[in-house]
Amino acid sequence: MNELPPDPPRLRAILAYLDQRIAETETVATYLRLQTAAVRQALTAAARQPPDARRRPPHPRPALQASAQQEEPSGFVVEKQLHAGHPLGPLGATVHRADCTVIQRDANPISADDGRQALTGDGKFFHACEFCRPDAHLGIPG
């Protein structure tokens with residue numbers, strides 16, 4: 001970095017900006033780890049199928065139903081976040097138990113470790129569902 005300003009207010013502003021970028025990068029890294037795990041799981045499932053079954057996919061299922069069915073081993077899913085233009089405003093992604101009945105948008109399966117990591121992070125990007133309380137099931141103090 002080039003010359004830094006000598007005064008504390010500008011240095012604090014720079015530090016706050018850098019901290020925000022780091023937090024955003026960590027959120028992207030968590031999301032990419034979740035997506036990578038989902039792709040690996042799909043690849044493993046596809047490799048187990050006979051070649052004839054791979055050519056034609058089974059009848060389409062809604063994304064939420066497919067995610068919940070794939071998630072049964074760990075029991076947790078992450079629901080996409082609301083975007084800035086949404087009437088409720090931007091909200092972080094929501095972590096649910098896979099059997100939660102209040103999931104409204106597409107959800108991706110996650111492991112218990114990923115759920116725990118997301119819920120113990122900043123809190124700005126992920127939050128626990130207040131209905132199914134995955135944090136309590138993961139042993140995270142509320």
Side-chain angles (χ1 to χ4, degrees), residues 1-2 4-5 7-142:
M1 188 172 224
N2 295 337
L4 292 172
D7 55 305
R10 288 194 291 172
L11 288 169
R12 282 189 203 99
I14 292 170
L15 187 58
Y17 172 80
L18 293 172
D19 285 341
Q20 183 180 6
R21 297 286 86 77
I22 290 169
E24 289 172 0
T25 302
E26 288 173 357
T27 300
V28 170
T30 300
Y31 175 76
L32 292 174
R33 278 193 300 274
L34 296 174
Q35 291 295 36
T36 300
V39 170
R40 285 188 176 132
Q41 184 179 11
L43 180 61
T44 301
R48 286 187 210 146
Q49 294 178 348
D52 292 341
R54 284 185 228 160
R55 289 189 194 134
R56 193 166 55 177
H59 58 282
R61 294 180 289 180
L64 182 58
Q65 181 183 2
S67 296
Q69 286 181 354
Q70 292 172 357
E71 181 49 30
E72 287 177 3
S74 73
F76 299 95
V77 297
V78 64
E79 181 181 16
K80 292 181 180 180
Q81 66 183 23
L82 297 177
H83 55 82
H86 193 278
L88 295 176
L91 296 175
T94 306
V95 177
H96 296 271
R97 291 180 50 202
D99 61 353
C100 184
T101 59
V102 299
I103 299 171
Q104 297 174 356
R105 292 173 299 283
D106 288 342
N108 294 314
I110 60 172
S111 68
D113 287 337
D114 286 336
R116 193 172 296 106
Q117 181 180 2
L119 293 175
T120 55
D122 185 349
K124 179 179 177 183
F125 303 105
F126 294 95
H127 62 276
C129 172
E130 294 176 7
F131 181 75
C132 67
R133 299 289 316 271
D135 50 342
H137 292 275
L138 290 168
I140 300 170

Q: Consider only side-chain N and O atoms of R33 and T36, and report whether a donor and an acceptor are under 3.5 Å apart.
A: no
[X] to [Y] - nearest heavy-atom pair and separation:
{"X": "L138", "Y": "G115", "value": "CD1-C, 3.8 Å"}
{"X": "V77", "Y": "P109", "value": "CG1-CA, 4.0 Å"}
{"X": "V102", "Y": "C129", "value": "CG2-SG, 3.7 Å"}
{"X": "A118", "Y": "V95", "value": "CB-CG2, 4.3 Å"}
{"X": "R105", "Y": "I103", "value": "O-CG2, 3.4 Å"}
{"X": "C132", "Y": "H96", "value": "SG-CA, 3.6 Å"}

Q.
Using a 6.0 Å cut-off, check whether atom CZ of R40 has over 12 heavy atoms from anything other than its own residue.
A. no
Mind checking the [atom1]-[atom2] spacing from [X] to [Y]? Nearest 0.5 Å is all I need.
{"X": "L119", "Y": "F76", "atom1": "CG", "atom2": "CZ", "result": "9.0 Å"}
{"X": "T94", "Y": "Q104", "atom1": "OG1", "atom2": "CD", "result": "9.0 Å"}
{"X": "Q49", "Y": "T44", "atom1": "CD", "atom2": "OG1", "result": "11.5 Å"}
{"X": "L32", "Y": "Q35", "atom1": "CG", "atom2": "CD", "result": "7.5 Å"}
{"X": "D19", "Y": "I14", "atom1": "CG", "atom2": "CD1", "result": "12.0 Å"}

Q.
Between F125 and E26, does the side chain to side chain contact (heavy atoms under 4.5 Å, CB included) criterion hold? Intermediate values first, please.
A. CA-CA 10 Å; F125 303 105; E26 288 173 357; over 6 Å; no
Q) Could you walk me through whether E79 and D106 pass the side chain to side chain contact (heavy atoms under 4.5 Å, CB included) check? A) CA-CA 6 Å; E79 181 181 16; D106 288 342; over 6 Å; no
Q) Would a 4.5 Å heavy-atom cut-off, applied to side chains only, mark T101 and F131 as touching? A) yes
Q) Given L34 and N108, is the side chain to side chain contact (heavy atoms under 4.5 Å, CB included) satisfied, shown in steps? A) CA-CA 8 Å; L34 296 174; N108 294 314; 6.0 Å; no
Q) Yes or no on side chain to side chain contact (heavy atoms under 4.5 Å, CB included) for R97 and R133, after CA distance, side-chain angles and deciding distance? A) CA-CA 7 Å; R97 291 180 50 202; R133 299 289 316 271; over 6 Å; no
